[in-house]
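Each remark here refers to the structure printed beneath this line.
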Amino acid sequence: MKYALVTGGSRGIGRAICLELGNMGYHVLVNYQSNEEAARQTLQLISDNGGEGSLLPFDVSDRIQTRQVLENWLQQEDGRCIEVLVNNAGHRKDNLMLWQEDPDWDSVINTHLGGFYAVTQCLLKAMLRNKYGRIINIVSLSGLSGMAGQTNYSAAKGGIIAASKALAQEMARKNLTVNCIAPGFISTDMTQDLPEQDIKATIPMRRFGTPEEVAAVAGFLASSRASYVTGEVISVNGGLYM
Ligand code: NAP
């Protein structure tokens, strides 16, 4: 059995990636923080498509809990390996830095950058033993260009991009690839509170993207067809380069 783990797989982009990987034959481990109902819907959709999956809830920003859950899972059956890891879980706490509250800075950094570190580090050894691995990090246009009102989020995503490039070099000889996908504006719960009409006017394609359009790129990066692609950031943004 080949396993794939998608953090934040209960909703939005993560859910679409779970379906994509389920269609590719992976047993998908659907991680989420608290929305069990949404995570169960993801599982149902995977099985409706003829795939397999299970739930693996933990808070990626809690390093101790993350390690406990993942180490338990790895120990349950010797030789188990997660071949594809998609670090996707995340949230926004936007504010101008002038008004930024410490907890909002910390929670965004700890969830995105801290989550990437905690989950990835836990799974690397088994991937190395497996002599094959695909690590895909969902970052953002904000991490490439910076976005006013998002210093915390831009720093977290930019940090993941730099860490991915470093890790890609560490792992390149071991048949493990590490890549990032940088979405622009995608229609999910995370972007529901944004003024979509105004933003659309600034996007060359004049629309938000869909989670499935991000998932298609994740499917490619997860596949053996992407075997010579590592340390790369692929934008999925309708032509919006700020
Ligand atoms: P979303 O619809 O709000 O879904 C967020 C997902 O992350 C949910 O599954 C949520 O779990 C999970 N999550 C949040 N905090 C978590 C934690 N501490 N531990 C475990 N799971 C956690 O968001 P989305 O738009 O799909 O975003 C997915 C990723 O794409 C994020 O990294 C985001 O930064 C990135 N992104 C999104 C856009 C966009 O326009 N939507 C653009 C660029 C980048 P629960 O369901 O349990 O809450």
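For ligands, and for the atoms within them, numbers begin at 1 and follow the listed sequence. Source: prediction; values computed, not measured.
Atoms of ligand 1 found under 4.0 Å from any heavy atom of S34, numbered from 1 in the order shown, are 47 (O). Close approach to S140 involves these atoms of ligand 1, each under 4.0 Å from a residue heavy atom: 43 (C), 44 (C). Every atom of ligand 1 with a heavy atom of N31 under 4.0 Å away is listed here by number and element: 20 (C), 21 (N). Listed by atom number, the atoms of ligand 1 under 4.0 Å from V139 heavy atoms are 35 (C), 36 (N), 43 (C), 44 (C). The D59 neighbourhood of ligand 1 comprises atoms 17 (C), 18 (N), 19 (N), with distances under 4.0 Å to a heavy atom of that residue. If you number the atoms of ligand 1 from 1 as listed, the ones under 4.0 Å from a heavy atom of G12 come out as 2 (O), 26 (O). Every atom of ligand 1 with a heavy atom of G8 under 4.0 Å away is listed here by number and element: 6 (C), 7 (O), 9 (O), 12 (C). Set against the non-hydrogen atoms of D189, the atoms of ligand 1 under 4.0 Å away are 2 (O).
Residue Y153 holds the heavy atom nearest to atom 33 (C) of ligand 1 of all those in Y153, F208, F185.
At least one donor-acceptor pair under 3.5 Å links the side chain of N179 to the backbone N or O of V229.
Counting non-hydrogen atoms of other residues, nucleotides and ligands closer than 6.0 Å to NZ of K200 gives a total above 12. Heavy-atom neighbours of R206 CZ from other residues, nucleotides or ligands within 6.0 Å: above the threshold of 12. More than 12 non-hydrogen atoms from other residues, nucleotides or ligands lie less than 6.0 angstrom from CD of Q76.
Using modelled atom types and a 3.5 Å distance limit, the side chains of Q150 and D94 yield a donor-acceptor pair. A donor-acceptor contact under 3.5 angstrom links the side chains of R67 and Q121, judged on distance only. Side-chain contact of K157 with H112: a donor-acceptor pair under 3.5 Å is present, judged by distance alone. No hydrogens or angles considered: a donor-acceptor pair under 3.5 Å links the side chains of R15 and Q41.
Distances from ligand 1 to the non-hydrogen atoms of T191 include at least one value under 4.0 Å. Assignment of A38 to the shell around ligand 1 is not supported, since no heavy atom sits closer than 4.0 Å. Residue contact annotation: G184 has a non-hydrogen atom under 4.0 Å from ligand 1.
Only the backbone of F58 comes within 4.0 Å of ligand 1, judged by heavy-atom distances. Under 4.0 angstrom from ligand 1, the non-hydrogen atoms of H112 all belong to its side chain.
Counting only heavy atoms of the protein, atom 32 (O) of ligand 1 lies nearest to N88 O, 2.6 Å. Here the protein heavy atom with the shortest distance to atom 14 (C) of ligand 1 is G90 O, 3.5 Å. In terms of protein heavy-atom proximity, atom 22 (C) of ligand 1 is nearest to A89 CB, 3.5 Å. Closest protein heavy atom to atom 9 (O) of ligand 1: S10 OG, 2.6 Å.
With respect to the salt-bridge test (charged N to carboxylate O, under 4.0 angstrom), the residues E213 and R207 qualify. Ion pair D193/R92 flagged as a salt bridge, since at least one NZ, NE, NH1 or NH2 atom sits closer than 4.0 Å to an Asp/Glu carboxylate oxygen.
Inclusion of N35 in the set of residues having an N or O under 3.5 Å from an N or O of ligand 1 is warranted. For ligand 1, none of its N or O atoms has an N or O atom of P183 under 3.5 Å away. Below 3.5 Å of separation, one finds no N or O of G14 facing any N or O of ligand 1. Between T188 and ligand 1, at least one N/O pair is under 3.5 Å apart. The shortest N/O to N/O separation between K157 and ligand 1 falls below 3.5 Å.
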What side-chain donor-acceptor pairs closer than 3.5 Å can you find for residues 98-111, not counting sequence neighbours?
| unit_1 | atom_1 | unit_2 | atom_2 | d |
| --- | --- | --- | --- | --- |
| S107 | OG | H91 | NE2 | 3.3 |
| N110 | ND2 | D106 | O | 3.2 |
| T111 | OG1 | S107 | O | 2.7 |

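Ring geometry for F208 versus F185: interplanar angle under 30°, hence parallel rather than tilted (30 to 60°).
Within the 4.5 Å cutoff, the side chain of T120 has heavy atoms near those of the N87 side chain.
Residues G8 and A89 approach most closely at N-CB, 3.7 Å, considering heavy atoms.
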